[in-house]
Amino acid sequence: MADAFRQKFDPAIWQVVTQISPGSVLSYGQVAALAGFPRHARMVSKAMGRSPEALPWHRVVSANNRLAFDQGSESYIEQASLLKQEGITFKDGRLQVQDQTESDRESLDRMLWGPLKD
DNA sequence: CCCTTGACTATCT
DNA sequence: GAGATAGCCAAGG
């Protein structure tokens, strides 16, 4: 079937997105990679849309620290609104997030793959 | 099987 | 920084 891929991909994506802590964000590519599917950034959005549970989808943004939607669109406004509620501000369409993304990524690494040895 | 479509990204002008 | 270009890859026509 065509969903052979989804069956593994979707849950993995949801798992990662759910773990993003409030006030921080991850890029589509990072989510895909953390889920174990490098180079599947474009599939992330579709997987989120197929989630049966409500996900903090607004915490997933483009790699350039901008929202993936066109400014002014319904979705853009909604996502921006949700992010602002979490304390994230915007600088001329640019997402102003202090490298909280990094610490977030590290905690995800430990959570999903356990402590790493040096 | 070929072609088009994306809530993508990296790189080069 | 804005465009253009080229990879990327599953899905759907």
Side-chain angles (χ1 to χ4, degrees):
Chain A
M1 338 236 206
D3 357 89
F5 175 78
R6 293 173 171 177
Q7 191 177 326
K8 289 183 289 121
F9 187 75
D10 289 6
I13 295 302
W14 303 336
Q15 163 67 22
V16 173
V17 175
T18 302
Q19 299 308 309
I20 307 176
S21 47
S24 63
V25 298
L26 286 182
S27 72
Y28 292 86
Q30 286 178 309
V31 171
L34 287 172
F37 295 85
R39 296 184 296 293
H40 281 68
R42 306 189 90 135
M43 308 290 100
V44 174
S45 59
K46 309 215 174 184
M48 291 194 288
R50 290 190 296 262
S51 173
E53 302 283 329
L55 293 174
W57 59 273
H58 55 283
R59 304 198 185 122
V60 182
V61 303
S62 299
N64 42 302
N65 276 301
R66 286 169 176 285
L67 302 193
F69 300 102
D70 293 329
Q71 283 192 60
S73 67
E74 281 290 317
S75 300
Y76 182 98
I77 295 174
E78 184 183 357
Q79 182 169 20
S81 175
L82 289 168
L83 288 173
K84 286 175 184 172
Q85 284 178 42
E86 301 193 341
I88 292 179
T89 59
F90 290 83
K91 174 77 172 180
D92 183 47
R94 183 86 51 74
L95 199 49
Q96 300 301 290
V97 56
Q98 9 207 333
D99 294 303
Q100 195 170 18
T101 321
E102 265 306 305
S103 59
D104 208 42
R105 188 190 65 70
E106 287 178 26
S107 65
L108 270 173
D109 286 353
R110 284 195 296 282
M111 182 181 305
L112 300 175
W113 306 321
L116 301 176
K117 292 183 177 180
D118 297 1

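Chain A is the first sequence line, chain B the second, and so forth, proteins listed ahead of strands; every chain is numbered from 1. Predicted model only: the values in this text are computed from it and were never measured.
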Taking for each residue the nucleotide of DNA chain C bearing the nearest heavy atom, is the 5' side occupied by A:Asp92 or by A:His40? A:Asp92
Picking from C:dC9, B:dT9, B:dA7, the nucleotide nearest the side-chain atoms of A:Ser62 would be B:dT9
Nearest to the side chain of A:Arg6 - C:dG12, C:dC9, B:dA7? C:dG12
For the backbone of A:Ser45 and the side chain of A:Trp57, can you confirm whether one donor and one acceptor N or O come within less than 3.5 Å of each other? no
Side-chain contact, heavy-atom cut-off 4.5 Å: A:Phe37 with A:Val44? no
Separation of A:Leu26 atom CG from B:dA7 atom C1', in whole Å? 15 Å
Among C:dA10, B:dA7, C:dA2, which nucleotide sits nearest the side chain of A:Arg66? C:dA2
Could you tell me if the side chain of A:Leu67 sits less than 4.5 Å from the side chain of A:Leu83, heavy atoms only? yes
Looking at the side chain of A:Ser27, which of B:dT9, C:dG1, B:dA7 is the nearest nucleotide? B:dT9
Between C:dC8 (C1') and A:Phe9 (CZ): distance, integer Å: 12 Å
Would you kindly give the CG-to-C1' distance between A:Asp3 and C:dA10, to the nearest whole Å? 12 Å
The correct list of stems in which DNA chain B takes part (3 or more consecutive Watson-Crick or G-U pairs, distances under 3.5 Å) is B:2-6 with C:9-13, B:8-13 with C:2-7
Closest-nucleotide ordering on DNA chain B, the 5'-leading residue of A:Ala63 and A:Lys46: A:Lys46
Would you check if A:Phe5 and A:His40 make a side-chain contact, meaning some heavy-atom pair closer than 4.5 Å? yes
Under 3.5 Å, is there an N or O donor on one side and an acceptor on the other linking the side chain of A:Arg42 and the base of B:dC8? yes
Which whole-number value in Å describes the distance from A:Lys8 NZ to C:dC9 C1'? 13 Å
Separation of B:dA7 atom P from A:Glu78 atom CD, nearest Å, is 15 Å
Round to a whole Å and report the spacing from OH of A:Tyr28 to P of C:dG7. 24 Å
Check A:Gln79 against A:Val61 and note the closest heavy-atom contact, atom names and distance. NE2-CG1, 4.0 Å
Return the nearest nucleotide to the side chain of A:Phe5; candidates are C:dA11, C:dC9, B:dA7. C:dA11
Spacing of A:Leu95 atom CG relative to B:dC8 atom P, expressed in whole Å: 15 Å
Kindly indicate whether the side chain of A:Ser51, heavy atoms from C-beta on, has any atom under 4.5 Å from the side chain of A:Asp10. no
Between B:dA7 and C:dG7, how many Å separate the two P atoms, rounded to a whole number? 22 Å
Any residue meeting side chain to side chain contact (heavy atoms under 4.5 Å, CB included) with A:Ala41, in chain and number order, not counting sequence neighbours: A:Tyr28
Would you kindly give the CG-to-P distance between A:Asn65 and B:dC8, to the nearest whole Å? 15 Å
